[in-house]
Amino acid sequence: MTLIKSISGIRGTIGGRTGDTLNPLDIVKFTTAYATFIKGHKIVVGRDGRISGPMVRDVVCGTLVGMGYEVIDIGLATTPTTELAVRWHEADGGIIITASHNPTQWNALKLLNSEGEFLTAADGAEVLRIAEAEDFDYAPVEKLGHVVMDDTMNQRHVESVLGLRLADVEAIRKRHFRVCADTINSVGGIILPQMFEALGVDYEILNGECTGQFAHNPEPLEKNLQGIMDKMRQGGFDLGIVVDPDVDRLAFICEDGRMFGEEYTLVSVADYVLGASNGQAALNTVSNLSSTRALRDVTEKYGGKYTAAAVGEVNVTTKMKEVGAIIGGEGNGGVIYPESHYGRDALVGIALFLSSLAQKGCTTSELRRTFPDYQIAKNRIDLTPDTDVDAILVKVKEMFAQDPEAQVNDIDGVKIDFPARWVHLRKSNTEPIIRVYSEAQTMEEADELGKRLMQVVYDMQG
C-alpha cells in the first residue's frame with residue numbers, strides 16, 4: 001500500500017517495506033517538516049484508539065522534543081477534543097494521530113494550525129515541500145523540548161458542549177432518554193459515557209473497549225452497522241448513536257432500528273439551530289457539493305441562505321467564515337458549529353440533536369419524517385492511469401452549460417443541478433477514478449441520473 005501524502009497530512013498502513021507504508025522514518029520526516037513550518041514552541045498531540053497509536057505517538061513526541069518543542073500529550077482523545085485543546089493550551093499547532101474511518105491497519109498524522117483547525121491547502125503544500133527537501137535543523141542538546149501529560153481535555157470538552165447556548169441540558173434530563181451507542185472500540189468509548197452521564201442519559205455502549213481492534217468496518221455506513229440496528233429493533237431505546245474511531249463523524253438510528261440517514265445528521269441539527277436562532281443572526285448554512293439538497297431546503301424554510309463549498313473540511317470551514325454561517329458541515333455525518341469551534345464534532349451533534357428531540361417531544365423516526373426526503377446514489381468510473389480527467393470534466397461542463405434547466409458549478413469537479421435532482425462528478429486525488437454522486441427523490445432516479453452521466457464519460461473515451 002502506497003503512503004498517501006496530501007495537504008492535510010500523511011496516511012498509510014502500518015508495517016511493510018520502507019516507502020510503501022507509514023513507517024517511523026516517514027513519521028519523523030513529516031513531523032519534523034510540520035514543526036519546521038510551525039516555527040513555534042508548543043504543540044498538542046492526541047490520538048485515537050488504534051493499535052499502532054502508542055508507537056506513532058512515541059515517534060511524533062520524540063521528534064518534537066528533538067525540535068525543541070514543549071509537547072502537550074493529551075493521550076486518548078477525539079479529533080475535536082484535540083482541536084479544542086490547541087486553543088485551550090494556546091499552542092502553536094497540533095497533531096492528531098488517527099486514520100479516521102479507515103480500517104485497523106491504517107494510521108495517519110492530521111495537522112492543525114494555532115486555531116486548532118486543519119491547515120489550508122497552501123500551508124499543507126508548504127509542509128510537503130519542506131518534507132521533500134529534508135533540510136532540517138534540530139535543537140541543540142541544551143534546548144531539547146519536553147513532554148507534558150494532560151488528561152483533563154476530555155472532561156473539558158464535555159463541559160464545553162454542555163455549556164453551548166443551544167444545548168438544552170435541562171430538557172434532555174427531563175426526557176430521561178435511553179440510548180445505545182456503537183463506539184467501534186476507540187476513543188468514543190471513553191468520552192461518550194462521560195457526556196451521557198453529565199446529560200442524565202441512560203445508555204448502553206456496544207464495542208466500548210478502547211482496544212483498537214475494531215469489531216466491524218469502522219466507517220459509519222448502514223452496511224457496517226447491522227449489530228446496533230438489530231439491537232435497536234429489540235426495543236427499549238429512544239435513539240441509536242454511531243461514531244467513527246476519532247469521533248468527528250456521527251450517524252443516528254431510529255428507535256425502530258432504521259437508519260436516520262447519515263446525510264440527515266447535519267440536516268436535523270441545522271434545522272434545530274436555525275429554528276432556535278430565528279431573528280438572532282444571519283441564518284446562513286454551508287455544506288459541500290456532494291451533500292444532500294435537504295440542507296438547502298431547510299435553510300430556505302427559515303429565510304436563510306445556503307452556500308455550497310468544495311469537498312473537504314477546510315473548504316467548508318473557509319466558506320462558513322466567508323458567509324458567516326451559523327452551522328455547516330458535510331453529508332458524511334460531520335457537524336460544524338462555530339459557537340463551539342470550526343471542526344466536525346460528534347459530541348456537539350449529539351447534544352444538539354438530543355436537545356431538538358427533547359424540546360419537540362417526538363420520537364426519532366417522527367423527527368426524520370419532518371424533513372425533505374432525498375436519496376443519494378454513489379458510483380465511480382474507473383479510468384486508466386493516463387486518462388486526462390480534467391479534460392473530461394471540462395467537456396461535461398460544456399455539454400450541460402447549454403441546457404436551460406441545468407445549473408453548472410465547477411469549483412470542485414463538475415456539479416449539475418436540475419430542478420429536482422443533481423449529479424456531481426469529481427476526480428479522486430489518490431486513484432484513477434471519477435466519483436459520481438447523484439441525488440433525487442428516489443434511489444432509482446438518483447442511480448439512473450448517475451449512470452446517465454457515467455455513460456456520457458464512457459462515450460467520450462470512445
Side-chain angles (χ1 to χ4, degrees), residues 6-9 78-80 83 96 98-102 108 110 112 116-121 218-222 241-252 259-274 284-299 306-323 325-338 340-350 352-353 371 374-378 409 411-413 415 422-426 428-429 435-439:
S6 72
I7 59 172
S8 59
T78 75
T79 282
E83 292 169 346
I96 310 168
T98 176
S100 192
H101 61 272
N102 288 111
K110 293 186 176 182
L112 305 174
E117 300 168 16
F118 290 117
L119 299 185
T120 64
E219 189 165 14
L221 303 175
E222 181 172 359
I241 296 171
V242 181
V243 293
D244 65 339
D246 67 326
V247 197
D248 63 351
R249 287 176 62 176
L250 172 65
F252 295 123
M259 291 294 295
F260 190 82
E262 190 182 31
E263 288 283 336
Y264 284 82
T265 298
L266 174 58
V267 173
S268 59
V269 174
D271 178 74
Y272 170 66
V273 170
L274 290 163
N284 298 332
T285 66
V286 173
S287 66
N288 68 43
L289 286 167
S290 287
S291 298
T292 178
R293 180 178 284 184
L295 179 61
R296 185 200 68 180
D297 293 351
V298 166
T299 304
Y306 166 78
T307 305
V311 174
E313 183 173 330
V314 68
N315 297 318
V316 173
T317 57
T318 298
K319 185 60 69 174
M320 288 177 69
K321 293 173 185 178
E322 286 178 11
V323 303
I326 62 171
I327 191 164
E330 298 182 291
N332 62 5
V335 174
I336 302 172
Y337 185 48
S340 174
H341 64 120
Y342 279 102
R344 296 182 300 181
D345 191 331
L347 272 71
V348 169
I350 291 168
L352 296 179
F353 187 87
F371 303 124
Y374 296 105
Q375 301 294 325
I376 291 182
K378 299 181 179 182
N409 185 322
I411 63 171
D412 183 10
K415 182 175 183 179
W422 58 259
V423 59
H424 184 202
L425 289 77
R426 61 187 298 268
S428 167
N429 293 322
R435 302 190 189 281
V436 183
Y437 287 12
S438 50
E439 182 177 66

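We use all heavy atoms of the structure for the numbers below, so side chains are in, but hydrogens, waters and symmetry mates are not. Quick caveat: nothing in here was measured; it's all calculated off a predicted structure.
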Does the side chain of [Y] come within less than 4.5 Å of [X]'s, by heavy atoms?
| X | Y | answer |
| --- | --- | --- |
| Tyr264 | Thr292 | yes |
| Leu274 | Thr285 | yes |
| Ile241 | Phe252 | yes |
| Val243 | Leu250 | yes |
| Val436 | Val423 | yes |

The salt bridge (Lys or Arg N to Asp or Glu O under 4.0 Å) partners of Asp248 (sequence neighbours excluded) come to Arg344
Q: List for me each residue that meets ring pair (Phe, Tyr, Trp, His ring centres under 6.0 Å) alongside Phe260, sequence neighbours excluded, and say none if there are none.
A: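 Listed in chain order: Phe353.
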For this session: Test side chain to side chain donor-acceptor pair (under 3.5 Å) on Ser291 and Asn288 and set out the steps.
Result: CA-CA 6 Å; Ser291 298; Asn288 68 43; 2.9 Å; yes
- Step by step, work out the side-chain contact (heavy atoms from CB on, under 4.5 Å) result for Glu330 and Glu313. CA-CA 8 Å; Glu330 298 182 291; Glu313 183 173 330; 4.2 Å; yes
Are any side-chain N or O atoms of Asp246 and backbone N or O atoms of Thr79, one a donor and one an acceptor, separated by less than 3.5 Å? no
*asked:* My understanding is that only one of Lys321, Glu83, His341 makes a side chain to side chain contact (heavy atoms under 4.5 Å, CB included) with Glu117; could you say which?
replied: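 The passing option is Lys321.
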Looking only at heavy atoms, what is the nearest atom pair of [X] and [Y], with distance?
| X | Y | answer |
| --- | --- | --- |
| Ser340 | Asp345 | OG-OD2, 4.3 Å |
| Val267 | Ala294 | CG2-CB, 3.9 Å |
| Ser290 | His424 | OG-ND1, 2.7 Å |
| Ala251 | Pro220 | CB-O, 4.1 Å |
| Ala310 | Asn315 | O-CB, 3.3 Å |
| Gly329 | Met320 | N-SD, 4.4 Å |

Once side chain to side chain contact (heavy atoms under 4.5 Å, CB included) is applied, do any residues pair with [X], and if so which ones, sequence neighbours excluded?
| X | value |
| --- | --- |
| Leu221 | Glu219, Lys223, Asn224, Arg249, Glu262 |
| Ala377 | Asn379, Ser438, Met443, Ala446, Asp447 |
| Arg293 | Arg296, Asp297, Tyr374, Asp417, Trp422, Glu439 |
| Thr307 | Val286, Lys305, Lys319, Val323 |

State the [atom1]-[atom2] distance between [X] and [Y], to the nearest 0.5 angstrom.
| X | Y | atom1 | atom2 | result |
| --- | --- | --- | --- | --- |
| Tyr437 | Ile376 | OH | CD1 | 8.5 Å |
| Tyr337 | Ile326 | OH | CD1 | 7.0 Å |
| Leu352 | Asp271 | CG | CG | 12.0 Å |
| Ile327 | Ser287 | CD1 | OG | 11.0 Å |

